[in-house]
Amino acid sequence: PTVLVAEKLGEAGLTLLKEFANVDCSYSLSPEELCTKISLCDALIVRSGTKVSREVFESAGGRLKVVGRAGVGIDNVDLAAATEHGCLVVNAPTANTVAAAEHGIALLAAMARNVAQADASMKAGKWQRNKYVGVSLVGKTLAVLGFGKVGSEVARRAKGLGMHVIAHDPYASADRARAIGVELVNFEEAISTADFISLHMPLTAATNKMLNDETFAKMKKGVRIVNVARGGVIDEEALVRALDAGIVAQAALDVFTEEPPKQDSKLVQHERVTVTPHLGASTIEAQEGVAIEIAEAVVGALKGELAATAVNAPMVPAEVLTELKPYVELAEKLGRLAVQLVAGVSGVKNVKVSYASSRAPDDLDTRLLRAMITKGLIEPISSVYVNLVNADYTAKQRGLRITEERIVIDGSSECPLESIQVQIANVESKFASAISESGEIKVEGQVKDGIPHLTKVGSFEVDVSLEGSIILCRQVDQPGLIGKVGSILGQENVNVSFMSVGRIAPRKQAVMAIGVDDQPSKESLQRIGEVPAIEEFVFLKL
């Protein structure tokens, strides 16, 4: 695969990438140049300076599989377009956390003590001790807006400086805040009681220009503001007005709505504003850490592994991904089996998925499994490449309705799932025995010793490993039949990996499931169908 690195990346990350892929380092590409290059790339890695727009995904022609954002914020990537085009977007959310928090604290202290202004004054030959009298941090109230990874690290450090820390974040855990010694409050209380405000939220429609004329008017006169998050969360013109009016005493900014800002920017030039050129993640250690983290995420995604840092796919913790991995494979293969059993032109519209588990409902995250069942259902009958990212979108586009049911069973909760069952309603089947007593195509599977197994077809219980492909035969249960079918396949050098027979009663109807490593020829399948005791059969490709 080819990976386009569009912005500077640490050497350790490039080394990792080069072990797996062809790496094209092309920096400072114009939007047109990026759109031209992208059709030849399987992955793209950017920082905050490259806009990955809908045009980029459209220009990729379906080849682009993953976009890696070397950092946390993903507001420069069109997530909706990425999802529609089946492109996974991953970020590096942990490596630069400490660096960003440290920079926030550095700006906080530098602003409070006028470090940048005093430094510039001395370099201009002046000695102005009285002009640059600062304010103390100890005992002051700091409001942290956005209590995620960076916000909570800033809070820890501010507590160490003797500050009283409050926080606002609609998604934060009160228990986690209490553990740090931070009080969670509502937005109005946070901005109206704080002496210092530090911003750590992502840029979204809800947070765009969150600090504006209206919110500045509610703040304590003389408040000081630090922003190492995203420039767009502050209305910059409103901030200049608040500074001039004395509502905001000082501001320290690492990020701006437009980067770089215009040279004549009133905000940047303001005497009571300290600025840095988006240096939050700019430490040697963080740069290398981010490079390694994003390289590992991109390589893993290109290998088809599940990404714990995906931002436009079901967000599943790494430990859950590891535990669910064999069930993810089972889910996709059951979807593939079920849809290949459908006959006629009515189309698949209603699918029911049942999960049998001894775990409590809130202790079993099935989003990932549903996405993979959707992938299995759609890919065999469509030219669309379906993945974890666009599975739900693609299903909706095709009018496919998937409902989920959880069946609570007795047993150990160590195993996340006992079985997964997929039913397709209101369709005819190529293999009549796959129709259950209630009239739906039904297949069921389990994971045994880490390997997916088909355990039920219609009302017949079988046990066959879901590796390679499968031949299902309905037959009259009689001696010698397994040998006859095995002989036909052996003559064509088709290896049988598993064989299982499920029957209603001895010498009555039975279903034989045969796992094969290779696809038999049409002639071999025809000879199997001509065996007198075999009433129907179907070949299913996994």
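Values in this document were obtained by computation on a predicted structure and should not be read as measured data. One-based numbering along the sequence shown. Every heavy atom of this structure was used, including side-chain atoms; hydrogens, water molecules and symmetry mates were not.
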Task: Smallest separation among heavy atoms of R272 and A249, with atom names - done: NH1-O, 2.8 Å
Task: Nearest-0.5 Å distance that lies between atom CG in N186 and atom OG in S192 - done: 8.0 Å
TODO: Report the residues that fulfil side-chain contact (heavy atoms from CB on, under 4.5 Å) with K220, sequence neighbours left out, ordered by chain and then residue number.
DONE: D195
Open item on the list: Can a donor-acceptor pair be found, under 3.5 Å and without considering hydrogens, that links the side chain of T276 to the backbone of L279?
Closed with: no
TODO: Examine distances only and state if a side-chain atom of E7 and a backbone atom of T50 form a donor-acceptor pair shorter than 3.5 Å.
DONE: yes
Open item on the list: Determine whether a donor-acceptor pair (N or O, by modelled atom type, separation under 3.5 Å) exists between the side chain of S265 and the backbone of P261.
Closed with: no
Task: Under 3.5 Å: donor-acceptor pair, side chain of K159, backbone of G181 - done: yes
- [ ] Can you measure from CG (N96) to OG (S282) and round to the nearest 0.5 angstrom?
- [x] 9.5 Å
Task: Carboxylate-amine/guanidinium proximity below 4.0 Å for K262 and E258 - done: yes
Open item on the list: Are more than 12 heavy atoms, taken from residues, nucleotides or ligands other than K140, located less than 6.0 Å from that residue's NZ atom?
Closed with: yes
TODO: Tell me, yes or no, whether the heavy-atom count around R54 atom CZ, taken from other residues, nucleotides or ligands under 6.0 Å, exceeds 12.
DONE: yes
Task: Lys/Arg N to Asp/Glu carboxylate O, K218 vs E189, below 4.0 Å - done: no
Open item on the list: Pair V299, E19 - check side-chain contact (heavy atoms from CB on, under 4.5 Å), show working.
Closed with: CA-CA 10 Å; V299 168; E19 290 173 359; over 6 Å; no
- [ ] Kindly compute the distance separating CG (L17) from OG1 (T2), expressed to the nearest 0.5 Å.
- [x] 11.5 Å
- [ ] Report yes if the side chains of V339 and V348 come closer than 4.5 Å at any heavy-atom pair, otherwise no.
- [x] yes
Open item on the list: What I want to check is whether the side chains of T97 and E153 have a donor and an acceptor closer together than 3.5 Å.
Closed with: no
Task: Salt-bridge present (K325, E329; N to O < 4.0 Å) - done: no
Open item on the list: Please evaluate residues N76 and S48 with respect to the criterion side-chain hydrogen bond (donor to acceptor under 3.5 Å, both in side chains), reporting the C-alpha separation (whole Å), side-chain torsions for both, the decisive distance (0.1 Å), and the verdict.
Closed with: CA-CA 6 Å; N76 55 318; S48 59; over 6 Å; no
Task: Backbone N/O of E11 and side chain of Q287: donor-acceptor pair under 3.5 Å - done: no
Task: Gap between atom CD1 of I197 and atom CZ of R224 - 0.5 Å precision - done: 12.0 Å
Task: salt bridge (charged side-chain N to carboxylate O under 4.0 Å, His left out) between K266 and E236, worked out - done: CA-CA 9 Å; K266 288 183 180 179; E236 293 178 348; over 6 Å; no
- [ ] Can you spot which of K51, R230, R69 makes a salt bridge (Lys or Arg N to Asp or Glu O under 4.0 Å) with D75?
- [x] R230
Open item on the list: Would K333 and E467 count as a salt bridge (charged side-chain N to carboxylate O under 4.0 Å, His left out) here? Give the steps.
Closed with: CA-CA 9 Å; K333 290 189 173 181; E467 298 175 291; over 6 Å; no
Task: F216 versus A242, closest heavy-atom pair with distance - done: CG-CB, 3.8 Å
TODO: Evaluate side-chain hydrogen bond (donor to acceptor under 3.5 Å, both in side chains) for T274 paired with Q250, printing each intermediate quantity in order.
DONE: CA-CA 8 Å; T274 301; Q250 290 177 291; 5.7 Å; no
TODO: Could you check if a side-chain atom of R63 sits within less than 4.5 angstrom of a side-chain atom of S39, using non-hydrogen atoms only?
DONE: no
Open item on the list: Closer than 3.5 angstrom, by distance alone: can the side chain of S30 be matched with the main-chain N or O of E33 as a donor-acceptor pair?
Closed with: yes
TODO: Supply the atom-to-atom distance L145 CG to I166 CD1, rounded to the nearest 0.5 angstrom.
DONE: 8.5 Å
Open item on the list: So V150 and V72, do their side chains get closer than 4.5 Å, heavy atoms only?
Closed with: no
Task: Closest contact, heavy atoms only, V89 versus N312 - done: N-OD1, 2.9 Å
Task: Verdict with supporting geometry, E404 and Y355, side-chain hydrogen bond (donor to acceptor under 3.5 Å, both in side chains) - done: CA-CA 8 Å; E404 295 177 291; Y355 308 101; 2.7 Å; yes
- [ ] Verify side-chain contact (heavy atoms from CB on, under 4.5 Å) between L334 and I373, making sure each step is shown before the conclusion.
- [x] CA-CA 7 Å; L334 287 176; I373 288 168; 5.7 Å; no
Task: Validation row: L330, L466 side chains within 4.5 angstrom (heavy atoms) - done: yes
Task: Non-hydrogen atoms of L34 and V56 that approach each other most closely - done: CD2-CG2, 3.8 Å
Open item on the list: I need the L377 CG to Q340 CD distance, nearest 0.5 Å.
Closed with: 10.5 Å
Task: Donor-acceptor contact present, side-chain T366 to main-chain L369, <3.5 Å - done: no
Task: Note, V351 side chain near L400 side chain (heavy atom, < 4.5 Å) - done: yes
TODO: With F196 as reference, evaluate V144, V223, V135, V165 under the side chain to side chain contact (heavy atoms under 4.5 Å, CB included) test and give the passing residue.
DONE: V135
TODO: Could you tell me whether a side-chain N or O of T207 sits under 3.5 Å from a main-chain N or O of P202, the two making a donor and an acceptor?
DONE: yes
Task: Donor-acceptor contact below 3.5 Å, side chain E183 vs main chain A167 - done: no
- [ ] Flag the pair R359 and E323 as a salt bridge only when some basic side-chain nitrogen lies within less than 4.0 angstrom of an acidic carboxylate oxygen.
- [x] yes
Task: Under-4.0 Å salt bridge between E332 and R336 - done: yes
TODO: Please examine the side chains of I225 and L211, heavy atoms only from C-beta on, and report whether any two atoms are closer than 4.5 Å.
DONE: yes
TODO: Look only at the side chain of T374 and the backbone of R370, and say whether a donor-acceptor pair between them is shorter than 3.5 Å.
DONE: yes
Open item on the list: Let's go through V90 and V66 carefully: what are the C-alpha distance in whole Å and the side-chain angles of both, what is the deciding distance for side-chain contact (heavy atoms from CB on, under 4.5 Å) to 0.1 Å, and is it a yes or a no?
Closed with: CA-CA 7 Å; V90 294; V66 56; 4.0 Å; yes
Open item on the list: Side chains of V233 and K209, heavy atoms from C-beta outward: is any pair under 4.5 Å?
Closed with: no
Open item on the list: Within the 4.5 Å heavy-atom criterion, are H85 and L64 side-chain neighbours or not?
Closed with: no
TODO: Write down the atom of R157, the atom of V98, and the distance for their closest heavy-atom approach.
DONE: NH2-CG1, 3.7 Å
Open item on the list: Between L239 and L267, does the side-chain contact (heavy atoms from CB on, under 4.5 Å) criterion hold? Intermediate values first, please.
Closed with: CA-CA 8 Å; L239 176 55; L267 184 62; 3.6 Å; yes
Open item on the list: Between H200 and S198, does the side-chain hydrogen bond (donor to acceptor under 3.5 Å, both in side chains) criterion hold? Intermediate values first, please.
Closed with: CA-CA 7 Å; H200 302 286; S198 190; 2.6 Å; yes
Task: For the student: nearest non-hydrogen atoms of Y132 and S121, plus distance - done: CE1-CB, 3.7 Å
